[in-house]
Amino acid sequence: MTAPQPPFGPPPDHPAGPPQQPGSWPPPQQAYGQPQYPAGSQYPGGPPQFTPAPPGPQPGGQRTLARKKRLLVLPIVVIVIAALVTALILVLGLSSPQGWVALSFTTISAVVTVLILFWIDRWEPEPPLLLIAAFGWGAAIAPLLALLFTAALPMFSGDLFLSTAVRAPLTEETAKGLFFLVVLMSTRRGRAEFNSLTDALVYAGLIGAGFSFTEDILYISGTANVGDAIQLSVIRVVLGGFGHMLYTGCVAVGFWLAMRSRGVLAKVAWILAGWLVGMLLHGLHNAATAVGALYFLVLGFDFLVFVALVIAAIWSSIREGKVVARQLPAMVDHGWIHASDAGWLGSTAGRKSRAKIMKRTPGGDRQRLRDWVEAVTELAYVRERLDHQQGNPDPHLLDQHQEYVDRILQSKDWVTQTLAGAGAGAGGWPAIAGQPGPRYAVGGYPPPQAPGGYPPPGAGYPPPGR
């Protein structure tokens with residue numbers, strides 16, 4: 001069987017790939033790593049015969065990824081250390097019964113919040129260190145920054161109402177919101193992780209839960225007796241425990257909208273809008289505490305807004321699954337993933353089952369599988385954003401697109417071979433047929449506009465006859 005030539009030839013300054021060998025798998029790679037497909041067959045020479053991949057991480061793109069991850073290590077380590085020191089100070093200061101009441105209420109609240117957030121974040125789990133850092137920022141860094149900002153604004157210190165209703169929201173929402181600016185948006189790797197509304201609300205929830213944890217312990221442990229401590233715990237933790245998550249959630253939505261905007265002015269406007277809304281709600285809540293019954297009215301309003309954010313987070317999580325399912329056929333068509341793997345990749349149950357199979361398979365590398373699944377999911381989100389940019393793609397997204405394609409191709413055959421060797425098969429998740437999807441220029445090469453051009457690196461040749 002003679003393999004057809006790709007619809008566009010390689011650029012003149014790059015050599016063509018090796019000739020097609022019947023019956024081999026994976027397909028020989030053209031320049032830039034695109035597979036060829038013979039006419040009239042899904043695989044060359046019949047069913048795939050896999051070429052074993054090295055068991056460990058692959059060179060090239062993995063090393064680049066490792067360097068990018070290291071950019072986040074230092075700030076995360078600093079945040080975690082600060083959080084541990086803060087926790088130690090709090091525990092050492094809990095010498096009274098009121099302190100232990102405070103610790104009990106706040107710990108239960110924090111654990112329940114974290115479990116709910118992890119459930120919402122099930123489609124594309126964020127890196128554990130970043131999640132720990134978000135909680136640590138709220139529990140340790142943000143309170144310290146708020147104290148420093150408060151000291152820098154002495155003009156409100158003489159008026160208790162202005163101090164509570166203006167200065168506290170201003171300093172605290174700024175201190176909490178800086179996590180998005182300093183940790184997530186300051187590095188390319190951080191921006192790549194912060195790519196959906198779900199991500200924004202999960203990070204905001206952890207930051208708010210961490211801040212409430214520290215603040216509530218300080219307030220409740222300072223009460224006169226156990227009865228007052230329990231009463232204040234019910235008000236602050238049970239009735240109003242969602243407050244800081246709500247305010248920080250507004251700030252996070254502003255940053256998320258800024259990430260989706262192209263112009264600098266639009267980005268700044270969205271960040272300021274989110275920060276102002278969060279600060280306004282916080283100030284309204286604090287001001288209502290001085291008006292008695294009005295407090296519960298404002299608390300009810302805050303709760304409704306918080307419920308709206310929770311619904312938005314659940315909707316966003318469901319939408320993430322639909323985005324992945326929508327993009328998988330194009331990934332199969334481009335040759336980045338096998339059709340049999342696309343079936344279970346579109347289901348959270350399928351992903352969990354493959355992780356369990358990999359865990360009990362001799363020589364299996366569960367972390368490598370997890371990294372590969374993460375790359376497929378991230379690529380789906382990047383392609384979805386590129387699809388909505390109407391022919392004016394963001395260069396940063398194009399770079400991310402190529403990075404994820406490289407990572408996927410490095411372990412594509414290893415994943416299929418290892419799972420097939422473990423007897424996973426389809427496992428109740430039927431294969432997904434490939435369907436043509438958009439190509440995006442990467443590596444500085446424009447997409448082909450006329451015969452005689454060539455496809456961009458990493459885009460892959462479509463199967464002939466389409």
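FYI, the numbering just counts along the sequence from 1.
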Answer yes if the side chains of [X] and [Y] hold a donor-acceptor pair under 3.5 Å, and no otherwise.
| X | Y | result |
| --- | --- | --- |
| Thr416 | Asp341 | yes |
| Thr377 | Arg351 | yes |
| Gln400 | Glu378 | no |
| Gln410 | Asp406 | no |

Kindly say whether [Y] contributes a backbone atom to a donor-acceptor pair with the side chain of [X] at under 3.5 angstrom?
| X | Y | answer |
| --- | --- | --- |
| Lys267 | Ser261 | yes |
| Asp387 | Pro438 | no |
| Ser221 | Ala102 | no |
| Tyr247 | Gly283 | no |
| Arg167 | Leu153 | yes |

Please confirm whether His401 and Trp336 have ring centers closer than 6.0 angstrom. yes
Expected list for residues 225-243: side-chain donor-acceptor pairs under 3.5 angstrom, two or more places apart:
{"from": "Asn225", "atom 1": "OD1", "to": "Gly227", "atom 2": "N", "distance (Å)": "3.1"}
{"from": "Asn225", "atom 1": "OD1", "to": "Asp228", "atom 2": "N", "distance (Å)": "2.8"}
{"from": "Asn225", "atom 1": "ND2", "to": "Asp228", "atom 2": "OD2", "distance (Å)": "3.4"}
{"from": "Ser233", "atom 1": "OG", "to": "Ala229", "atom 2": "O", "distance (Å)": "2.7"}
{"from": "Arg236", "atom 1": "NE", "to": "Asp216", "atom 2": "OD1", "distance (Å)": "2.8"}
{"from": "Arg236", "atom 1": "NH2", "to": "Glu215", "atom 2": "OE1", "distance (Å)": "3.0"}
{"from": "Arg236", "atom 1": "NH2", "to": "Asp216", "atom 2": "OD1", "distance (Å)": "3.1"}

Between [X] and [Y], is any pair of side-chain heavy atoms under 4.5 Å apart?
| X | Y | result |
| --- | --- | --- |
| Glu173 | His244 | yes |
| Trp137 | Leu145 | yes |
| Trp372 | Ile337 | yes |
| Met331 | Val405 | no |

Is Phe303 atom CZ crowded by more than 12 heavy atoms from other residues, nucleotides or ligands, each under 6.0 Å away? no
Classify the angle between the aromatic ring planes of Tyr203 and Phe180 as parallel (below 30°), tilted (30 to 60°) or perpendicular (above 60°). perpendicular
For residues Val183 and Ile79, report the shortest heavy-atom separation together with the two atoms involved.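 Looking at all heavy atoms of both residues, the shortest contact is CG2-CD1, 3.9 Å.
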Working to the nearest 0.5 Å, report the span between [atom1] of [X] and [atom2] of [Y].
| X | Y | atom1 | atom2 | answer |
| --- | --- | --- | --- | --- |
| Arg368 | Met358 | CZ | CE | 9.0 Å |
| Thr107 | Phe213 | OG1 | CZ | 4.5 Å |
| Gln417 | Ser411 | CD | OG | 11.5 Å |

Measure from NZ or CZ of Lys176 to the centre of the six-membered ring of Phe211, then state whether that distance is under 6.0 Å and the direction lies within 45° of the axis.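 Yes.
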